[in-house]
Amino acid sequence: MTQTAPPPVQQPVAALTGRPADAPAERSVRTIVSPLALAGRRGKVTYWSVFALVVVLFAFAFLFPVYWMVTGAMKPPEEVVRTPPTLVPEQWQVTGYTDAWDLMRLPTHLWNTVVQATGAWVLQIVFCTAAAYALSKLKPAFGKVILGGILATLMVPVQALVVPKYLTIADMPLIHVNLLNDPLAIWLPAVANAFNLYLLKRFFDQIPRDVLEAAEIDGAGKLRTLWSIVLPLSRPVLGVVSIFALVAVWQDFLWPLMVFSDTEKQPISVALVQLSQNVPLTVLIGAMVIASIPMVLMFLVFQRHIIAGISAGSTKG
C-alpha cells in the first residue's frame, strides 16, 4: 500500500511574527524621516532644529502685526508715516492711547458694545438652546421640516437679508414700534442664528438616551432635565457658542452702522470709522489696540473651552 505523507505542521502565528496571537497587527507608519535616522544624535539635532525654526517663523508671522500695532501708537505722528519705517520707536510715548481714550470717547462706545454683545449672547443662549433641545430630544411634529427650513437660511447671503431686517426693525409687524437706535435692534436679529442652533442640536443628539430616561424615572420633567442634566453636560459647546455670539456682535460693522444713527449709541466698530477722520494716525492705532483687548482677553480665558468644544463632537459618549 502506498502511504501518504502527513500534512505539514502549521506553526502558530505567534511563532512566526514574534507577538501574541491575540495582539493587534502593527501598522506600517511612513514618515518623512525614518525612525532609524531619528535614533542617531545627528538626526535628533536636525529634527529639533527644524522644528524650532518652524515654530519661531509661525510665531513671528502671527505676533509681528500685533507688535507693529502696539508700538505704532507709541510713536510720534511723523515717525509713523516715515519711509522706511522704524522697527523700534525712537521716542516712546503713550499719548496715542490717552488721546484715543479721551478724544474718541472710547468708554462710551465700549460700554455700548458690551451692552449689545451681552444682550445678544444671553438671548441667543436661551432661545437657541431651547430650540435645539426641543428639536433633538422632544421630537416635535414636523421637526425635520422645521430644522431643514432653519438650515436653509444658511444658504442665503447675509447681504440679501440686510434690507428686510432693516424694514422689520424700522416698523415692527403687528405692534408698529421703531427699534432704530435701540439695543433691541442688535439683540433680536442675533437670536435667529441657524449655525449655533445646529451646533447645539448636534451636541444634544450625542447625549445618551439612557441618561435622560434615568432622569425621567427619578421624576424630573423636561425643563428639569434640561437644566440639571443637559446643560451641565453641554458646557464645552455652550462655551463655543458664547464665543461665536460675542465675537459676531463685537466685530459687526454694517448692521450697527445702519441701525444706529445716534453717535452716542454706536458700538466701537462703527465709532472707530466715524471718528477717524479728524484724529492723528497714532490716536487711531491706539484706539484699535484698546478695542481689541477685550476679545484677546476673552480668547485667553476661554481657549480651553474652545478646544473642548471643537473636540466634543469627535467621539460619541
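Just so you know, these numbers use all the heavy atoms, side chains as well, and skip hydrogens, waters and symmetry mates. From a predicted model like this one, the values you see are computed outputs, not experimental measurements.
- Under the 4.5 Å side-chain criterion, counting only non-hydrogen atoms from C-beta, Leu284 is not in contact with Pro280.
- The environment of Trp187 atom CH2 is dense: over 12 non-hydrogen atoms of other residues, nucleotides or ligands sit within 6.0 angstrom.
- The minimum heavy-atom distance linking Ala100 with Ala287 is given by the pair CB-N, 3.6 Å.
- The same ILVMFWY cluster, assembled from side-chain heavy atoms under 4.5 Å apart, contains both Val247 and Leu199.
- The shortest side-chain heavy-atom distance between Pro267 and Ile186 does not fall under the 4.5 Å cut-off.
- Lys201 NZ to Cys128 SG: the interatomic distance, rounded to the nearest 0.5 Å, is 14.0 Å.
- Within the 4.5 Å cutoff, no side-chain heavy atoms of Pro77 are placed close to those of Leu281.
- Other residues, nucleotides and ligands contribute only 12 or fewer heavy atoms inside 6.0 Å of the CZ atom of Arg202.
- Here the side chain of Asp182 pairs no donor or acceptor atom with the backbone of Ala185 at under 3.5 angstrom.
- For the pair Asp262/Lys265, a side-chain contact is recorded, criterion being any heavy-atom separation below 4.5 Å from C-beta on.
- Around CG of Leu223, the count of heavy atoms belonging to other residues, nucleotides or ligands within 6.0 Å does not exceed 12.
- With contacts defined as side-chain heavy-atom distances shorter than 4.5 Å, the pair Asp99/Val279 does not qualify.
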Kindly indicate, with the supporting measurements, whether the criterion side-chain contact (heavy atoms from CB on, under 4.5 Å) is fulfilled by Lys144 and Leu147.
CA-CA 5 Å; Lys144 293 184 178 180; Leu147 179 62; 5.6 Å; no

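- In this structure, the side chain of Thr282 does not engage the main chain of Pro76 through any donor-acceptor pair within 3.5 Å.
- The distance from atom CG of Leu154 to atom CZ of Phe195, rounded to the nearest 0.5 Å, is 8.5 Å.
- Note on Glu216 versus Arg209: salt bridge recorded, some NZ/NE/NH1/NH2 to OD/OE distance being below 4.0 Å.
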Would you check, one step at a time, whether the test side-chain contact (heavy atoms from CB on, under 4.5 Å) holds for Gln266 with Thr108?
CA-CA 9 Å; Gln266 291 176 347; Thr108 300; over 6 Å; no

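- Ring-plane geometry between Trp255 and Tyr166 is classed as perpendicular, the angle between the planes exceeding 60 degrees on a 0 to 90 degree scale with a lower cut at 30.
- When side chains are defined from C-beta on, Val88 counts as touching Tyr67, because their heavy atoms get closer than 4.5 Å.
- In the hydrophobic clustering of ILVMFWY residues, with side-chain heavy atoms under 4.5 Å counting as a link, Val55 and Tyr47 come out together.
- In terms of heavy atoms, Asn178 sits closest to Leu180 at OD1-N, 2.9 Å.
- Cluster membership for Met104 and Val94, using ILVMFWY side-chain heavy atoms within less than 4.5 angstrom, is not shared.
- Atom OG1 in Thr129 sits 11.5 Å away from atom CZ in Phe203 (nearest 0.5 Å).
- Without hydrogens or angle criteria, Ser276 side chain to Val273 main chain gives a donor-acceptor distance under 3.5 Å.
- Side chains of Phe260 and Gln116 form a contact here, defined as non-hydrogen atoms less than 4.5 Å apart.
- Trp68 and Phe64 have tilted rings, their planes meeting at an angle from 30° to 60° on a 0 to 90° scale.
- Without hydrogens or angle criteria, Thr113 side chain to Ile268 main chain gives a donor-acceptor distance under 3.5 Å.
- Using a cut-off of 4.0 Å between Lys/Arg side-chain N and Asp/Glu carboxylate O, Glu90 and Lys75 are scored as not salt-bridged.
- Residue Asp218 qualifies as enclosed at atom CG: its count of foreign heavy atoms under 6.0 Å is above 12.
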Hey, mind stepping through Lys137 and Val230 against side-chain contact (heavy atoms from CB on, under 4.5 Å) and telling me if it holds?
CA-CA 10 Å; Lys137 298 303 180 183; Val230 176; 5.6 Å; no

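- Tyr97 places no side-chain N or O within 3.5 Å of a backbone atom of Met74 that could act as its donor or acceptor partner.
- Taken from CG in Asn193 to OG1 in Thr153, the straight-line distance is 8.5 Å, to the nearest 0.5 Å.
- When all heavy atoms of Leu161 and Val156 are compared, the closest pair comes out as CD2-CG1, 3.8 Å.
- The number of heavy atoms from other shown groups lying within 6.0 Å of CD (Gln91) does not exceed 12.
- When hydrophobic clusters are built by joining Ile, Leu, Val, Met, Phe, Trp and Tyr residues whose side-chain heavy atoms come closer than 4.5 Å, directly or via intermediates, Ile150 is grouped together with Ile125.
- Formation of a donor-acceptor pair under 3.5 Å by the Tyr133 side chain with backbone atoms of Leu200 is not found in this model.
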Thr263 and Gln274: CA distance, side-chain angles, deciding distance, side-chain contact (heavy atoms from CB on, under 4.5 Å) verdict
CA-CA 8 Å; Thr263 56; Gln274 297 285 3; 5.7 Å; no

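- Side-chain polar atoms of Thr86 and Glu79 form a donor-acceptor pair below 3.5 angstrom.
- At least one donor-acceptor pair under 3.5 Å links the side chain of Ser292 to the backbone N or O of Val289.
- Put simply, the side chain of Phe51 does not reach to within 4.5 Å of the side chain of Thr46, judged on heavy atoms.
- A distance of 7.0 Å separates OG in Ser269 from CZ in Phe253, rounded to the nearest 0.5 Å.
- In this structure, Asn112 contributes its side chain and Glu264 its backbone to a donor-acceptor pair below 3.5 Å.
- Distance check: Phe127 CZ to Leu188 CG gives 9.0 Å after rounding to the nearest 0.5 Å.
- When only modelled atom types and interatomic distance are considered, Asn181 and Ser261 share a side-chain donor-acceptor pair under 3.5 Å.
- A side-chain donor-acceptor contact under 3.5 Å links Thr98 to the backbone of Thr95.
- No single ILVMFWY cluster, assembled from side-chain heavy atoms under 4.5 Å apart, contains both Leu275 and Leu257.
- In the displayed structure, Leu174 atom CG is contacted under 6.0 Å by at most 12 heavy atoms of other residues, nucleotides or ligands.
- The minimum heavy-atom distance between Leu197 and Ala131, with the atom names listed, is CD1-CB, 3.6 Å.
- The two atoms that bring Ile229 and Ala215 nearest to each other are CG1-CB, 4.1 Å, heavy atoms only.
- Nearest approach of Leu246 to Ala117, heavy atoms of both residues: CD2-O, 3.5 Å.
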